[in-house]
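Input: a single structure, listed below in structure tokens.
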Amino acid sequence: MAEKLTTRATDYSKWYNELVINADLAEHSAVRGCMVIKPYGFAIWEKMRDALDKMFKDTGHQNAYFPLFVPRSFLEKEEGHAEGFAKECAVVTHYRLKVNPDEKGKLMVDSESKLEEELIVRPTSEAIIWNTYKGWIQSYRDLPILINQWANVVRWEMRTRLFLRTAEFLWQEGHTAHSTAQEAIAETKQMLEVYADFAERFMAMPVIKGSKSESERFAGALDTMCIEALMQDGKALQAGTSHFLGQNFAKAFDVKFTSKEGVLDYVWATSWGVSTRLMGALIMTHSDDQGLRLPPMLAPIHVVIVPIYKGEEQLAMISEKIQPLMSELRAKGITVKYDNDDTKRSGWKFAEYELKGVPVRVAIGPKDMENGTIEIARRDNGTKQTIPMAGAAELIQHLLDEIQKNLFDQALAHRDSHITEVNTY
RNA sequence: CGGGGUGUAGCGUAGCCCGGUAUCGCGUCUGCUUUGGGAGCAGAAGGUCGUAGGUUCGAAUCCUGCCACCCCGACCA
């Protein structure tokens, strides 16, 4: 635990891997290419998810859930889509196991249970969703349909990295249906704006919005728009995509509607998504050689309070003295952790919470008890100051806002100083 | 999926070339002393050497298959 991280300058990839593991965000599982997201990492993802979910609902979307399995024939229907995903699909061919008669205690696939048609574990849900929409849409009065789903998907990647590319990942996928191309295009752009807004306001991560070239476009889309952010190693990372699907899926699944004018036409579609890759983007945008630096808007713990004491009696006094401040902070919606774990020393805790990116640390010891003060340390710039306990809650609240802004400003300055114009690609 | 590398206690490692069941550090446990930046001393526990075969009197060590992870490349959110 006491070891230092590999520095970014030494080996950026190694630094990233060690950081994800040491900060307790995730670990490799026993299953190839699949990770375990640990409680601290999942808490950050939950904050992202909750913020995005609210933004989707504020723009008129509803959540729903579609099956994990997609019949092969559905996936085949949109040609470009089928070809694009074919080589990274997990396929279910049987529905039953049986005890191996030749080897006691072992299981084997029951060859009697072969499926008539293979089921594909969804790499994305356009196929199953558009097959469903066919039954929901007859008239322009049924449109638009604005649906989002939070789900896991599987893309059988050969080379994986925690959060950035795993065989199974968590994401959200929006799937909307519209009566006009203009409306669908407007939806595509709107959701790209939502992603950009989320990245900048919550993740403190400046992004560039753009359109993908034909070769990088989503399989089955007419236009793929994306947000990309610049990581500290100078590489851009795609952080979210929003697709204008035209009438490709409506035609493939025969989804037509009667317009106000009585004309029968195919429905216009969009889809858009962000995944747990955002975790990777968050880590690589802000963190330093000491560990994570989390923007307060997404930090599971805003403020950690570390008591410095000798003996149980002194700890009890500090614990009592700190209560009003904790209550005040919590009343302001600030998440506070009071770490009175007696088995760890204060110095160890300081290093640990820096590794985990907690934005503000408060330390209180005997000297503070005498003076009515506390020590406040900022994770973003490492500065420390001793301030009176009275009024500390307001100061911390402002400090959190300042840290959020500072992280964004630093990331923006880094990005802007690394932009180069290119005309060939 | 192509090329390269690694797998030994919870973690990081020595030993492997030249076969004789295993080294060190961190962590863990117990006790005492400590506590304003990853504590000190003393003692203790913990290992089917990734996995399955093969060679051998004997395999962490040699051979083969498989699995996992890391790095580089192609592909992708």
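Residue numbering restarts at 1 for every chain, and letters A, B, ... go by the order of the sequence lines. Bear in mind the structure is a predicted one, so any value in this text is a computation, not a measurement.
Across every strand in view, B/rU21 sits unpaired, with no contact that passes the Watson-Crick or G-U test at under 3.5 angstrom. Pair check for B/rC41 finds B/rG31; Watson-Crick or G-U wobble, both atom distances under 3.5 Å. For B/rG10, the paired nucleotide is B/rC26, the pair qualifying as Watson-Crick or G-U wobble because both relevant distances are below 3.5 Å. B/rG2 and B/rC72 make up a base pair, with Watson-Crick or G-U wobble contacts both under 3.5 Å. Pair check for B/rC66 finds B/rG50; Watson-Crick or G-U wobble, both atom distances under 3.5 Å. B/rC16 makes up no base pair with any nucleotide shown, lacking Watson-Crick or G-U wobble contacts both under 3.5 Å. Pair assignment for B/rU55: none, as no Watson-Crick or G-U wobble contacts are both less than 3.5 Å.
Counting non-hydrogen atoms under 4.0 angstrom, A/Gly280 reaches nothing in the nucleic acid. Base contact: A/Thr166 has a heavy atom under 4.0 Å from a base atom. Backbone-only contact: A/Arg32 has heavy atoms under 4.0 Å from sugar-phosphate atoms and none from a base. In this structure, A/Ser275 reaches the bases: a heavy-atom distance under 4.0 Å links it to at least one base atom across the strands shown. Residue A/Thr124 is out of contact with every strand shown, counting any heavy-atom pair closer than 4.0 Å. Here A/Lys367 lies in heavy-atom contact (under 4.0 Å) with a base. Note on A/Asp11: nothing from the nucleic acid sits closer than 4.0 angstrom, heavy atoms only. Here A/Glu216 lies out of heavy-atom contact (under 4.0 Å) with every strand.
The separation of B/rG3 from B/rC16, taken at their C1' atoms, amounts to 25 Å, rounded to a whole angstrom. With P as the reference atom, B/rA14 and B/rG53 are 28 Å apart, rounded to whole Å. With P as the reference atom, B/rG20 and B/rG5 are 25 Å apart, rounded to whole Å. The separation of B/rG15 from B/rA52, taken at their C1' atoms, amounts to 24 Å, rounded to a whole angstrom. Distance check on atom C1': B/rA74 versus B/rG27 gives 41 Å, rounded to whole Å. Rounded to whole Å, the separation between the C1' atoms of B/rC26 and B/rA45 comes to 16 Å. Only the C1' atoms considered, B/rA60 is 7 Å distant from B/rU8, to the nearest whole Å. Of the P atoms belonging to B/rG40 and B/rC67, the separation is 45 Å, rounded to the nearest Å.
To the nearest angstrom, C1' of B/rU28 lies 10 Å from NZ of A/Lys344. Atom-to-atom, NE2 of A/His243 to C1' of B/rC76 comes out at 12 Å; the value is rounded to the nearest Å. As rounded to whole Å, 18 Å separates atom C1' of B/rC71 from atom CE of A/Met158. Atom CD1 in A/Ile318 sits roughly 12 Å away from atom P in B/rG36 (whole-Å rounding). Distance A/Glu157 CD to B/rA74 P: 15 Å, rounded to the nearest Å. With rounding to whole Å, A/Asn22 atom CG is found 14 Å from B/rG10 atom C1'. Counting to the nearest Å, the P atom of B/rU35 and the CG atom of A/Asp339 are 19 Å from each other. Computed from coordinates, the A/Ile322 CD1 to B/rG36 P distance equals 17 Å when rounded to whole Å.
Taking a cutoff of 4.0 Å between a charged side-chain nitrogen and a carboxylate oxygen, A/Asp288 and A/Arg8 do not qualify as a salt bridge. In this structure, A/Asp401 does not pair ionically with A/Lys405, as no charged nitrogen and carboxylate oxygen lie closer than 4.0 Å. At a threshold of 4.0 Å, the pair A/Glu228-A/Arg415 does not count as salt-bridged, since none of the basic side-chain nitrogens sits closer than that to a carboxylate oxygen. Looking at A/Asp50 and A/Lys54, no side-chain N of the basic residue comes within less than 4.0 Å of a carboxylate O on the acidic one, giving no salt bridge.
When the side-chain nitrogen and oxygen atoms of A/Asn17 are compared with OP1 and OP2 of B/rC69, none of them lie within a distance under 4.0 Å. Contact annotation: A/Arg159 side-chain N/O to B/rC72 OP1/OP2 distance is under 4.0 Å. The side chain of A/Arg345 contributes an N or O atom lying less than 4.0 Å from OP1 or OP2 of B/rG36.
Mapping A/Phe218 and A/Thr386 onto RNA chain B by nearest heavy atom places A/Thr386 at the nucleotide closer to the 5' end. Of the residues near RNA chain B, A/Lys212 and A/Glu375, the one whose nearest nucleotide (by heavy atom distance) lies more toward the 5' end is A/Glu375.
Near-neighbour residues of RNA chain B inside residues 357-366 of chain A, defined by a heavy atom below 4.0 Å, number-ordered: A/Arg361, A/Ala363, A/Gly365, A/Pro366.
The nearest pair of heavy atoms linking A/Leu164 to A/Ala281 is CD2-N, 4.5 Å.
Just one residue in the list A/Arg361, A/Arg379, A/Arg293, A/Arg378 forms a salt bridge (Lys or Arg N to Asp or Glu O under 4.0 Å) with A/Glu354, and that residue is A/Arg361.
Comparing B/rG38, B/rC71, B/rC75 by their closest approach to the side chain of A/Arg161 singles out B/rC71. The side chain of A/Ala351 approaches B/rG38 more closely than any other nucleotide in the set B/rG38, B/rC71, B/rC76. Ranking B/rC72, B/rG36, B/rC69 by closeness to the A/His28 side chain, first place goes to B/rC69.
Between the CD1 atom of A/Ile334 and the CD atom of A/Gln397 there is a distance of 5.0 Å, given to the nearest 0.5 Å.
A donor-acceptor contact closer than 3.5 angstrom links the side chains of A/Tyr353 and A/Asp339. Checking A/Ser73 against A/Glu117 by side-chain atom types alone, a donor-acceptor pair falls below 3.5 Å. Under the 3.5 Å distance criterion, with hydrogens and angles disregarded, a donor-acceptor pair is assigned to the side chains of A/Thr270 and A/Thr176. Side-chain contact, A/His175 with A/Ser271: no donor N or O sits under 3.5 Å from an acceptor N or O.
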